[in-house]
2 protein chains.
Amino acid sequence: MGLRERKKQRTRDALIDAALDLFLSQGYEATTIDQIAAEVEVSPRTFFRYFASKEDVALSLTADEQEMFLAELVARPLSEPPFAALSQSMRAMLGILREIDGAEAGRIMKAQRLVHSTPSLLAGAMRLIRENERRLVAEVARRMGTAPDDLQSQLVVSVFVSIGLLCMNGPTEDLNGLARRYEDLLTLAERSLRPGWDLPVGSAEPEPEPEPASASASAAS
Amino acid sequence: MGLRERKKQRTRDALIDAALDLFLSQGYEATTIDQIAAEVEVSPRTFFRYFASKEDVALSLTADEQEMFLAELVARPLSEPPFAALSQSMRAMLGILREIDGAEAGRIMKAQRLVHSTPSLLAGAMRLIRENERRLVAEVARRMGTAPDDLQSQLVVSVFVSIGLLCMNGPTEDLNGLARRYEDLLTLAERSLRPGWDLPVGSAEPEPEPEPASASASAAS
DNA sequence: TGTCATCTGTCATGGACTGACATAAATTAC
DNA sequence: GTAATTTATGTCAGTCCATGACAGATGACA
């Protein structure tokens, strides 16, 4: 990789770091682009060459996580029922996040705290998730062998996304707490949904229901 | 009601009408506050005394509908299971909307078309709905006799809201088409959810399941 | 080294939104 | 009916976000 690329990456990271720090210390709306740019010793105009908006820099890590999640999903074996594939992808992503360390881990946790404590950013994060919902539906429909505008695949994704959003609504700011809350919600969802609800209607093989006794056995991971 | 109040109401309505017309003819982002204010022969500063933002005026009717829905919900008999109460409230609201006529009906349909055809406004509408979700959860929790931070009541509301959002995602711009789509989704949800899923776990009386044969009999209303 | 592509800073601009203050209008009191 | 009070509106100035245009600086590459 050339010097130019590395320099750009460093500027980008510096902008994210400066932005997160300022947002956390002064508040999101109280911080101006000029302050962020000054901190990195870059012109305000340059900021907008790296990020489309003030919100964009705050949510860039959230967007990255979305991409990670989608990548996990497409890598899941097709034999897995749709909802299980979604759940497992989420578990896998949380696992990866837990293993990250160094500067990137600090950024992620800062972003987590920031988004969670700023209403407009929380709304923005939900908007991001909603925007990705279309791609999730496409992938789920592919797995179910249905059209992308099929209501059932949309419902499956929608229920899954709802659970994810409920996780974010919770008071937790800790990654482990998030994972625990997520497993609680999955258990509740399992109790609420009919077995095989996420399989095509004519499907011969109904999704096998796990024994309820060991439902949350793998929660601690 | 005094002259002052009537004048204010007229100005407010005029601003909404001018805004909707301009948004629909020129596009939302291409329209400036100055244009709207000029149309009503009012200073731009006055616009912001009536609406907090450009988005606010576009979504004011959507916000009104949210209030209507919540009013319907609190008026539902407590004997109704939570999810049924939510569904019936939605049906009632759609019914009321269908009966409205005159200038108000025109406004509502314009707003419907506008929001549906403008991505950023669609996102805004979803944000509105999400913000009201907290109040819905409180009401549902009251009906279920659980705490407002109970996961189950949150899940019930979340599933319901998801169905509402899926309705909005559809290509329909017609009120009847919307209602039909809504009924389709409810049928699908019924097929996906366990009977009594929205009742407190220790509940002795499971929610009676309607015979599947006539599931969509009342769809046409 | 010289050419080229790309990144960056500077400048100018537009549009959303806000605070402060003065004016005009409606409400109320007398 | 007039005076005093309250409230809505207009004007003005200003901040901030965001974008286009252009020129200069810097790394890439022959």
Side-chain angles (χ1 to χ4, degrees), chain A residues 1-20 22-23 25-60 63 114-115 118-121 123-124 127-128, chain B residues 1-23 25-60 63 114-115 118-121 123-125 127-128:
Chain A
M1 195 197 299
L3 167 61
R4 202 166 219 156
E5 290 294 315
R6 271 180 288 136
K7 215 169 178 180
K8 271 176 65 176
Q9 189 59 49
R10 257 193 299 128
T11 303
R12 186 185 154 86
D13 287 349
L15 283 172
I16 293 178
D17 283 333
L20 290 181
L22 285 170
F23 289 163
S25 63
Q26 308 180 345
Y28 172 69
E29 14 259 348
T31 303
T32 67
I33 306 288
D34 289 27
Q35 288 176 319
I36 301 171
E39 194 75 20
V40 189
E41 290 178 304
V42 146
S43 82
R45 189 65 183 88
T46 293
F47 173 90
F48 286 106
R49 293 206 172 91
Y50 282 87
F51 301 98
S53 67
K54 186 176 165 181
E55 192 187 76
D56 191 25
V57 66
L59 295 180
S60 63
L114 172 66
V115 171
T118 309
S120 80
L121 287 181
R127 187 173 44 73
L128 266 188
Chain B
M1 195 198 298
L3 168 60
R4 202 166 218 158
E5 289 294 315
R6 269 180 290 135
K7 218 169 176 179
K8 271 175 66 176
Q9 189 61 48
R10 257 193 300 126
T11 304
R12 186 185 154 86
D13 287 349
L15 282 171
I16 293 178
D17 282 333
L20 290 180
D21 286 341
L22 286 170
F23 289 163
S25 64
Q26 308 179 344
Y28 172 68
E29 16 260 346
T31 303
T32 67
I33 305 288
D34 288 27
Q35 289 176 317
I36 301 171
E39 194 75 19
V40 189
E41 291 178 305
V42 144
S43 83
R45 189 64 183 89
T46 293
F47 173 89
F48 286 106
R49 293 206 173 91
Y50 282 87
F51 301 99
S53 67
K54 186 175 164 182
E55 192 187 75
D56 191 25
V57 66
L59 295 181
S60 62
L114 172 66
V115 171
T118 309
S120 80
L121 287 182
R127 188 173 44 73
L128 266 189

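Below, chain A is the first sequence line, B the second, and so on; all start at residue 1.
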Measure from [atom1] on [X] to [atom2] on [N] and round the result to the nearest Å.
{"X": "A:Arg10", "N": "C:dC7", "atom1": "CZ", "atom2": "P", "answer": "15 Å"}
{"X": "B:Phe23", "N": "C:dG15", "atom1": "CZ", "atom2": "P", "answer": "14 Å"}
{"X": "A:Asp56", "N": "D:dA18", "atom1": "CG", "atom2": "C1'", "answer": "13 Å"}
{"X": "A:Phe48", "N": "C:dT10", "atom1": "CZ", "atom2": "C1'", "answer": "16 Å"}
{"X": "B:Glu29", "N": "C:dG14", "atom1": "CD", "atom2": "P", "answer": "19 Å"}
{"X": "B:Arg6", "N": "C:dA25", "atom1": "CZ", "atom2": "C1'", "answer": "14 Å"}
{"X": "A:Asp34", "N": "D:dC17", "atom1": "CG", "atom2": "P", "answer": "7 Å"}
{"X": "B:Ile36", "N": "C:dC17", "atom1": "CD1", "atom2": "P", "answer": "10 Å"}

Which heavy-atom pair separates B:Arg12 from B:Ser60 by the least distance, and what is that distance?
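Answer, listing the atom of B:Arg12 first, then B:Ser60: NH2-CB, 4.0 Å.
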The side chain of [X] is closest to which nucleotide in this list: [options]?
{"X": "A:Thr32", "options": "C:dG9, C:dC21, D:dC16", "result": "D:dC16"}
{"X": "A:Tyr50", "options": "D:dG27, C:dG9, C:dC7", "result": "C:dC7"}
{"X": "B:Arg49", "options": "C:dA26, D:dA18, D:dG10", "result": "D:dG10"}
{"X": "A:Leu3", "options": "C:dA16, C:dA26, D:dG27", "result": "D:dG27"}

Phosphate OP1/OP2 of [N]: any [X] side-chain N/O under 4.0 Å:
{"X": "A:Lys8", "N": "C:dC7", "answer": "yes"}
{"X": "A:Lys54", "N": "D:dA18", "answer": "no"}
{"X": "B:Thr46", "N": "D:dG10", "answer": "yes"}

Nearest-nucleotide comparison on DNA chain C, the residue closer to the 5′ end among B:Ser53 and A:Val42
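Result of the comparison: A:Val42.
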On DNA chain C, check which nucleotide each of B:Arg45 and B:Glu5 is closest to and give me the residue with the more 5' one.
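Checking each residue's closest nucleotide, the 5'-ward one belongs to B:Arg45.
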Hey, what do you get for [atom1] ([X]) to [atom2] ([Y]), rounding to the nearest 0.5 Å?
{"X": "A:Gln9", "Y": "A:Met1", "atom1": "CD", "atom2": "CE", "answer": "7.0 Å"}
{"X": "A:Ser53", "Y": "A:Ile33", "atom1": "OG", "atom2": "CD1", "answer": "8.0 Å"}
{"X": "B:Ile36", "Y": "B:Asp17", "atom1": "CD1", "atom2": "CG", "answer": "11.5 Å"}

Any donor-acceptor N/O pair under 3.5 Å between C:dT6 base and A:Arg4 side chain:
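Donor-acceptor pair under 3.5 Å: yes.
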Report the C-alpha separation of B:Thr118 and B:Phe23 in whole Å, then their side-chain angles, then the decisive distance to 0.1 Å, and conclude whether the side chain to side chain contact (heavy atoms under 4.5 Å, CB included) test is met.
CA-CA 9 Å; B:Thr118 309; B:Phe23 289 163; over 6 Å; no
